[in-house]
Engineer: 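Questions regarding the structure given below will be posed in turn.
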Amino acid sequence: MKTAAEIFHQHIAQTTPFAIGLEIERAEGSWLFGPNGEKYLDLISGVGVSNLGHGHPKIKAAIHEQVELHLHTMVYGEFIQSAPNRLASRLNSILPSSLNCSYFVNSGAESIEGALKLAKRYTGRSEIISFRGAYHGSTHGALSVSGNETKKRAFRPLLPDVRFIRFNEPEDLAQISNKTAAVIVETIQGDAGVRIPDYDYMQALRARCTELGVLLILDEIQSGIGRCGTWFAFEQFDIVPDILCTAKALGGGLPIGAFISDQKIMQCLTEKPMLGHITTFGGNPLACASAEACLAVIEEENLLEEVEPKGALIESLLADESKILEIRRRGMYFAIDLASADQVMDLAGRLLKRGLITFWFLSCPHSFRIAPPLNISEEDLRYACKLIKEELAKIA
Ligand code: PLP
């Protein structure tokens, strides 16, 4: 009889020789539990997914209710079903009026694929402008507009007509032209190490796109759903994208994504050709029911108001650590710079042994990542920071 670890390593496709390999039996609130009584405090929310922690009773109830009603009944876009309708209405109620039409998909990368296609179809142009350091996902289109060359090289040729400019560099905005279909950008660059652009830069980017009829696609797959203290980070820059991509935390723990736009733009997927973008599982009723409950809980529990004070608390607790070179954060979206990638791996390993889950960034190896559940208790946060300080003191 094979052990759980043997099955995992032999029969589940591996993406890294260094998988964390933690065995998880159940999870509740901000805590994960192993099969032999191990306990781990989740400071990473499954990489930006579990913004309400694990097993929130209202999300579980919504899922149970939907299971009793129905699961998949038809491919995307044919039948009227209550769960996707409720989710679309709730998104409509929290978003600016021009973001009134949601196309539901199954993941972040898929929402990027849909957004790129929509922009090309709507503008009749082919050029996409993206940013150095960007991460938008691992499918062909999403990889094409991502910046990390070492992850792309082996998969070329990728999408043609993609141009990369520097993030937060006003000078490079001149490269956006009337040949450009879309500019795609993470409102806050995540994988590059939580890079926060200037307010004026985002204003200028929006103005340049508007001036040239270029669609602005904002990727809020990680920065959205309250992570930065507002529903979406773009609200803090007083801009509105033409297309918004969301996923990860949207589903409350179930897989779902969406690209969202004005119905006037979205309707060009309906004709020339008809079925311009299709998916079997997009808008899956179970995922939609969970996502709708997740948004409802954030609203009912006024969670957005807790994000900035909790983020500030973490920052203040870690501020006097000499081994921390810089803390970048918006709300509870954190990158913490140490002197080297080795220090980051050493620290993450030590913290895991103490029962604290943190993580790293693919394109910013000297930073470690924390993104706790938004509803984590102050007591757990203080405990986590105490462990981080104790283990930081031990690393070379
Ligand atoms: N965009 C951003 C900013 C992300 O952080 C991610 C995933 O980490 C994606 C897109 C891709 O999402 P998914 O892994 O659901 O395809």
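Order of listing sets the numbers, starting from 1, for every ligand and every atom in it. All values derive from a computational prediction rather than experimental measurement.
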Engineer: Of all the non-hydrogen atoms in the protein, which one sits nearest to atom 8 (O) of ligand 1, and at what distance?
Structural biologist: K248 CE, 3.0 Å
Engineer: I'd like to know if atom 14 (O) of ligand 1 has any protein heavy atom within a distance of less than 4.0 Å.
Structural biologist: no
Engineer: Enter the distance from T187:OG1 to E235:CD here, rounded to the nearest 0.5 Å.
Structural biologist: 10.0 Å
Engineer: Which distance, rounded to the nearest 0.5 Å, do you find between the OG of S97 and the CG of N92?
Structural biologist: 8.5 Å
Engineer: Short list, please: which atoms of ligand 1 are under 4.0 Å from a heavy atom of E186?
Structural biologist: 3 (C)
Engineer: Considering only non-hydrogen protein atoms, determine which one is nearest to atom 1 (N) of ligand 1 and report residue, atom name and distance to 0.1 Å.
Structural biologist: D219 OD2, 2.7 Å
Engineer: What are the atoms of ligand 1, with element, lying closer than 4.0 Å to any heavy atom of Y135?
Structural biologist: 1 (N), 2 (C), 3 (C), 4 (C), 6 (C), 7 (C), 8 (O), 9 (C)
Engineer: Specify the closest pair of heavy atoms between K152 and L143, including all atoms of both residues, with the distance to one decimal.
Structural biologist: CE-O, 3.4 Å
Engineer: Counting non-hydrogen protein atoms only, what is the nearest one to atom 5 (O) of ligand 1? Give residue, atom name and distance.
Structural biologist: Q222 NE2, 2.6 Å
Engineer: What protein heavy atom lies closest to atom 16 (O) of ligand 1? Include the residue and the distance to one decimal.
Structural biologist: A109 N, 2.8 Å
Engineer: List the closest protein heavy-atom neighbour of atom 12 (O) of ligand 1: residue, atom name, distance to the nearest 0.1 Å.
Structural biologist: G108 CA, 3.4 Å
Engineer: What distance separates Y122 OH from D242 CG, expressed to the nearest 0.5 Å?
Structural biologist: 8.0 Å
Engineer: At their closest point, which heavy atom of A181 faces which heavy atom of T123, and how far apart are they?
Structural biologist: CB-OG1, 3.3 Å
Engineer: Scan side-chain atoms only and decide if S146 and N148 contain a donor-acceptor pair under the 3.5 Å cut-off.
Structural biologist: no
Engineer: Does any donor atom in the side chain of S223 or E220 lie under 3.5 Å from an acceptor atom in the other side chain?
Structural biologist: yes
Engineer: In terms of atom number and element, which parts of ligand 1 are under 4.0 angstrom from non-hydrogen atoms of G137?
Structural biologist: 10 (C), 11 (C)
